[in-house]
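Notes for the one structure printed next.
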Amino acid sequence: MTDCAFDFDQRIDRRGTDSLKWYDPRGRALLPMWVADMDFAAPPCVLGALRSRIEHGVFGYPVALPQVEDAVVRWAARHYEWTVDPDWLVWLPGLVPGLHLACRALAEPADEVLALVPVYPPFLTAPELTGRRLRAVPLAQDGRRWTIDFDALREALTPRTRLLLFCHPHNPVGRAFTRPELVAVAEFCAIHNLLVCSDEIHCDLRLEPGRHVPLATVDDVFAARTVTLMSPAKTFNLSGLCCGYALIPDADLRRRYRAAGQGIVSHPGALAYAACRAAYEEGDAWRAALLEYLRRNRDWLAAYLAAHLPMITMFPVEATYLAWLDTHALGAHNTPHFFEQAGVRLSDGRAFHGPGCMRLNFGCPQSTLASALERVRRAVAAVL
Ligand SMILES: Cc1ncc(COP(=O)(O)O)c(C=O)c1O
């Protein structure tokens, strides 16, 4: 049970809605722990803002009002101590288009783009789909957590390497990179003359103490090499509203980025702007309660695995509501099919360049998480 004003324990039936996560064309009763959205309703302040926007009834072309831009600027100042100039803002209907624009605007055709794997699949497909070349560099492990292997990054460089697609906090391994790590990334990019697109969509879902440090803030000169992608969508569970933005301090980079999307990438819709403004202006208490709930789910999950499924391991999740499970020990049973037979749908690690692993989304009521894990426990007990 939660003891706060917001009820994250409530199970909201999403079956029969337009939910990508819950819709199963084959009508199976699987518990979906895959797509990265949460099974929680948006905060009351957002629902209120949406209701009053809908009540108005007119849905012509929207514009980003100074009030919503101001909400973004004040959110960045309050939560990351980052002084953002509203001129840096480029509104986007989503961050996947933002990754594609980065490849188009910051690298030339056939240039090489670095990504640290395992990683959210669009990092792997955006370079190829935009006619650039992906250089996937594995993250390392130090026994406690995933780390950046700078030697491997250096070895991957060629004269055509232009861009690093960086994910911070990192989906799927759940790292919130530390300031020294970020400084090292900045130095690496400066030394090797790379631009960097830092996708920070999970930045407000930091579960560890301390605040999020945007990569662009570690050095003022380095900031001119950066495109930072952010959004209220993950934090406030608004992915279906299509809202995101890029923050690009350098005017020339911003011009190139905007030009790459001209006539192709549209802006967010009227409801997205209304939701974004309300979330950033009034959503602090809801977010604090959410983080508390996610921490409990994370800790419960880790304890459950240790007690009942010790052959499935995970490093501590520092941020996000995604757990990257090492399922190698399941041997021949280590397949998405096995988990589906158990009644649970997970994300297949292969799509992330992480074979042998599965990603589990714990952004759900604790009772849903418990049911899913119980299904897995029973299925594993039957075969091992
Ligand atoms: C790192 C990362 N970037 C982007 C996205 C998707 O962003 P959008 O829905 O705004 O396109 C996700 C969704 O899971 C993500 O994890």
Side-chain angles (χ1 to χ4, degrees), residues 18-21 32-40 42 72 89-103 113-127 129-130 136 139 146 163-177 196-207 212 214-215 227-247 261 264-269 271-273 275-276 279 294 317-324 345-349 351-354 357-364:
D18 58 9
S19 163
L20 171 65
K21 185 178 174 187
M33 318 298 281
W34 61 304
V35 173
D37 69 28
M38 301 186 285
D39 293 330
F40 306 131
V72 170
L89 256 170
V90 179
W91 288 96
L92 297 166
L95 296 198
V96 171
L99 289 168
H100 280 246
L101 285 187
C103 292
V113 177
L114 298 170
L116 299 166
V117 297
V119 75
Y120 176 59
F123 280 60
L124 305 172
T125 48
L129 290 171
T130 54
L139 286 163
W146 294 83
L163 172 65
L164 168 65
L165 294 181
F166 191 61
C167 192
H168 167 53
H170 192 96
N171 171 6
V173 305
R175 279 300 317 283
F177 294 109
V196 53
C197 175
S198 186
D199 180 337
E200 305 191 6
I201 195 169
H202 295 279
C203 60
D204 301 316
L205 294 170
R206 186 182 166 102
L207 304 179
H212 173 71
L215 175 64
V227 169
T228 303
L229 302 179
M230 288 185 166
S231 161
K234 289 286 168 224
T235 321
F236 296 99
N237 213 27
L238 308 173
S239 295
L241 292 180
C242 298
C243 183
Y245 52 89
L247 295 171
I264 304 171
V265 177
S266 82
H267 43 69
L271 296 182
Y273 285 132
C276 179
L294 293 177
V317 181
E318 298 169 350
T320 78
Y321 46 77
L322 306 166
W324 185 241
R345 188 161 180 200
L346 304 179
S347 300
D348 184 353
F352 297 71
H353 278 200
C357 294
M358 299 278 165
R359 195 190 70 177
L360 181 145
N361 174 344
F362 58 83
C364 59

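Remember, it's 1-based here, ligands and their atoms both numbered in the order they're listed. If you read the sequence from its start, that first residue is 1, and numbering goes on from there.
Not counting sequence neighbours, Trp34 has no partner by the ring pair (Phe, Tyr, Trp, His ring centres under 6.0 Å) test. The ring pair (Phe, Tyr, Trp, His ring centres under 6.0 Å) test applied to Phe40 returns Phe8, Tyr293, not counting sequence neighbours.
In terms of protein heavy atoms, atom 7 (O) of ligand 1 is closest to Ile201 CD1, 3.5 Å. Regarding atom 14 (O) of ligand 1, its nearest protein heavy-atom neighbour is Lys234 NZ, 3.0 Å. Nearest non-hydrogen protein atom to atom 3 (N) of ligand 1 is Asp199 OD2, 2.5 Å. Looking only at heavy atoms of the protein, atom 6 (C) of ligand 1 is closest to Tyr120 OH, 3.2 Å. Here the protein heavy atom with the shortest distance to atom 10 (O) of ligand 1 is Leu95 N, 2.7 Å.
Using the six-membered ring where Trp is involved, His170 and Phe177 have ring planes that are perpendicular, over 60° apart on the 30 and 60° scheme.
For a threshold of 3.5 Å applied to N or O pairs, the pair formed by Val96 and ligand 1 contains at least one separation below that value. For ligand 1, the polar-atom distance check finds no N/O of Ser239 at less than 3.5 Å from any of the ligand's N/O atoms. Between Leu99 and ligand 1, not a single N/O pair is under 3.5 Å apart.
Considering only heavy atoms from C-beta on, Asp39 comes within 4.5 Å of Lys21 through its side chain. No side-chain heavy atom of Val35 sits under 4.5 Å from any side-chain heavy atom of Ser239. Between Lys234 and Thr320 there is no side-chain heavy-atom pair separated by less than 4.5 Å. Annotation: side chain of His168 is in contact with side chain of His212 (closest heavy-atom distance under 4.5 Å).
Of all atoms in ligand 1, numbered sequentially from 1 with element shown, those under 4.0 Å from a heavy atom of Ala36 are 14 (O). Which parts of ligand 1 touch Gly94 is read off a 4.0 Å heavy-atom cut-off, strictly below it: atoms 10 (O), 11 (O). The contact set between ligand 1 and Asn171, taken as ligand atoms under 4.0 Å from a residue heavy atom, comprises 15 (C), 16 (O).
Heavy-atom separations between Cys167 and ligand 1 include at least one value shorter than 4.0 Å.
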side-chain contact (heavy atoms from CB on, under 4.5 Å) between Leu165 and Cys103, intermediate numbers included = CA-CA 9 Å; Leu165 294 181; Cys103 292; 4.2 Å; yes
